[in-house]
Amino acid sequence: MIKFILNSLLLLFFFGIVAASKDFDVVMGNKKFKTTNLLSAVYSQQVGDPSEGYHKAKFNLKTNLPSFNPDQSGVESVICKTEANGKRKIAFSLKDKKAAEDVKKWPERIMLLISHKWECFGKRSTQFFKATDRVIDESKLVTTFAIMRCDFPHNLEDYDININWVEGKQTNNNTRRSLEERFGISFPTINISNKIGLNILFDSASDKSSKPDISLINNKNIKLLCANCFTKGEAALALRIRGKIFPPKLKEASITLSGNLLVNLDFSLEAPKEISHEEKASINSPIASIKIGAFNIPGLLELGPEIDLVAAADALADARAALKFGGNFSLPNFSAKASFKGLPNFEQSGFNPIVNAHIPSASAKAFVIITATLKSQLAFGIKILEGRILNKKVGFELVGTLEDSFRLGSCKRKAHLHVKSSLGGNIGFFVNDKDFPILKFPTQSLIDKCL
Ligand SMILES: *[C@@H]1O[C@H](CO)[C@@H](O)[C@H](O)[C@H]1NC(C)=O
Ligand SMILES: *[C@@H]1O[C@H](CO)[C@@H](O)[C@H](O)[C@H]1NC(C)=O
Ligand SMILES: *[C@@H]1O[C@H](CO)[C@@H](O)[C@H](O)[C@H]1NC(C)=O
Ligand SMILES: *[C@@H]1O[C@H](CO)[C@@H](O)[C@H](O)[C@H]1NC(C)=O
């Protein structure tokens, strides 16, 4: 029995990983066999379990040729073939006689969108073709076209890409829960949610950093370690980009991120020697970078999310010291929207951090002041139509700054250290190399006492 549970766990875990790193799937439509001047395509990242939410994408494109997306009309299969004479053809299997009648009424020249669902001329990508010379075989329910690849931007005008998060249907009856009830074993929290994971350096088995004791400062007088630094959370994405293909013009561009995040910062500092003068040391360095390849519609949209964690610290000491200090802050329900057409514009809510200090331990002979900052940056490289009409890197950054001072002299008992600790932060947005501050959190005092 235990083996069975382990197997299911592995499966769930594997499923989660697969779901998080796969391309958007094509959602089939059930429209009529009609050509139109508005091509549309629908995609989703839905996995089997309906209790899990998922991201969904819609793509609309105005065309100046009558056009057709076979996926939206329930074409049963798409076959792309090169004939012996080198001529390239595309054939559709039609679903019934009615469809064949409808196809007969189509104009002479049309445009086709063939999605990445079909392997077509050796590619699984979004491809556009001009189709002519229609032949309909009514007995076999097959229609065949002579085609020519058509390079956007010709024949394509306005586009509109819209990605949203679709809430899952919360049932109290999923496998996980029934296993819990049957075996009385509480299931580990493996969340197979399809959101963007914001866990960096986080080990869910120990609830701690997967990379403890990252060295930030290490010179002969001061050693500062990120003893337990990580972020934990997840976010849903909404993205809307509208524009004109030729000449290229952005009409609307916005990105919204909503979710929850916890940042944990625990540091330890050692100044092993008596120093004859004040010693100051600084550092600013990336400590982790994770690529999440989760949002692709091949040939149409590439949205490469990437998380970077950067640590910065200043330490000022003039005595022998060994200190441990830290805190955490969480944003249980944040939402930030940035429109990045021209100068960015922001709307935000839920940036009221809940801050906790961890109890410090300290021994110092005079004074030590440390400012340590952890910056997490979630960036999206956005490419539309292989970067021909939009290619930008945009993202949000969240900064948590912990300031601690340890001093002798101001406590009633001379040998006691006066500890002050505060945590502040800010969020910002960036487009390519430009930064735009959104909000600065008020600095909160965490500790002000004698140890
Ligand atoms: C849970 O699912 C089982 C099997 O799918 C079904 O028989 C049962 O009625 C469901 N219970 C509830 C409360 O929906
Ligand atoms: C999974 O994530 C969803 C959405 O944030 C949350 O409501 C749910 O409690 C999580 N499940 C587990 C098992 O952590
Ligand atoms: C999160 O915040 C949004 C917007 O402020 C609100 O509509 C929603 O109910 C909140 N959700 C939770 C779980 O607090
Ligand atoms: C944040 O810090 C507080 C105080 O030490 C602690 O009780 C809490 O468990 C921490 N939260 C997390 C999620 O680590």
Side-chain angles (χ1 to χ4, degrees), residues 13 16 186-193 195-214 216 224-236 257-269 287-288 290 307 309-313 322-336 349-364 368 370-378 396-406 417-427 441-451:
F13 189 51
S186 82
F187 241 59
T189 48
I190 295 168
N191 207 334
I192 59 167
S193 129
K195 290 189 178 174
I196 300 171
L198 301 179
N199 291 0
I200 319 173
L201 301 181
F202 178 67
D203 172 22
S204 59
S206 65
D207 249 10
K208 286 196 174 133
S209 174
S210 55
K211 199 176 162 194
D213 296 333
I214 300 165
L216 298 181
L224 179 67
L225 304 178
C226 229
N228 183 24
C229 294
F230 62 85
T231 71
K232 185 181 153 186
E234 56 177 14
L257 206 64
S258 38
N260 58 72
L261 181 73
L262 173 107
V263 177
N264 192 84
L265 302 166
D266 280 306
F267 296 93
S268 81
L269 178 130
I287 54 178
I290 303 169
I307 313 183
L309 202 60
V310 178
L323 313 166
K324 285 188 176 14
F325 59 98
N328 63 39
F329 80 96
S330 58
L331 299 166
N333 182 26
F334 71 86
S335 173
S349 69
F351 284 93
N352 306 312
I354 298 170
V355 176
N356 287 298
H358 299 161
I359 295 159
S361 75
S363 84
V368 180
I370 306 135
T371 309
T373 298
L374 200 63
K375 177 161 86 175
S376 51
Q377 240 185 13
L378 179 59
F396 296 95
E397 66 182 31
L398 188 103
V399 181
T401 300
L402 187 69
E403 191 174 315
D404 277 63
S405 67
F406 301 83
L417 273 176
H418 188 180
V419 182
K420 276 188 174 179
S421 176
S422 63
L423 189 66
N426 59 278
I427 58 165
F441 308 128
T443 298
Q444 296 194 36
S445 169
L446 301 180
I447 298 175
D448 185 352
K449 68 171 185 187
C450 293
L451 280 188

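Whatever order the structure lists ligands and atoms in, that order sets their numbers, starting from 1. For reference, positions follow the sequence shown, starting with 1. The analysis underlying the following values was restricted to heavy atoms, covering all of them including side chains, and did not include hydrogens, waters or symmetry mates.
Annotation: side-chain contact (heavy atoms from CB on, under 4.5 Å) contacts of Ile354 (sequence neighbours excluded): Ser330, Pro332. Every residue two or more places apart in sequence or in another chain that forms a side-chain contact (heavy atoms from CB on, under 4.5 Å) with Ser422 is listed here: Glu403, Thr443. Judged as a side-chain hydrogen bond (donor to acceptor under 3.5 Å, both in side chains), and not counting sequence neighbours, the contacts of Asp266 are Asn264, His358.
Side-chain contact, Asn228 with Ser209: no donor N or O sits under 3.5 Å from an acceptor N or O.
Here the side chains of Leu446 and Phe329 are not in contact, with every heavy-atom distance at 4.5 Å or above.
Protein residues with a heavy atom under 4.0 Å from ligand 4 are Leu262, Asn328, Asn356, Ala357, His358.
In this structure, the separation between CD1 on Ile307 and CG on Leu198 is 5.0 Å, given to the nearest 0.5 Å.
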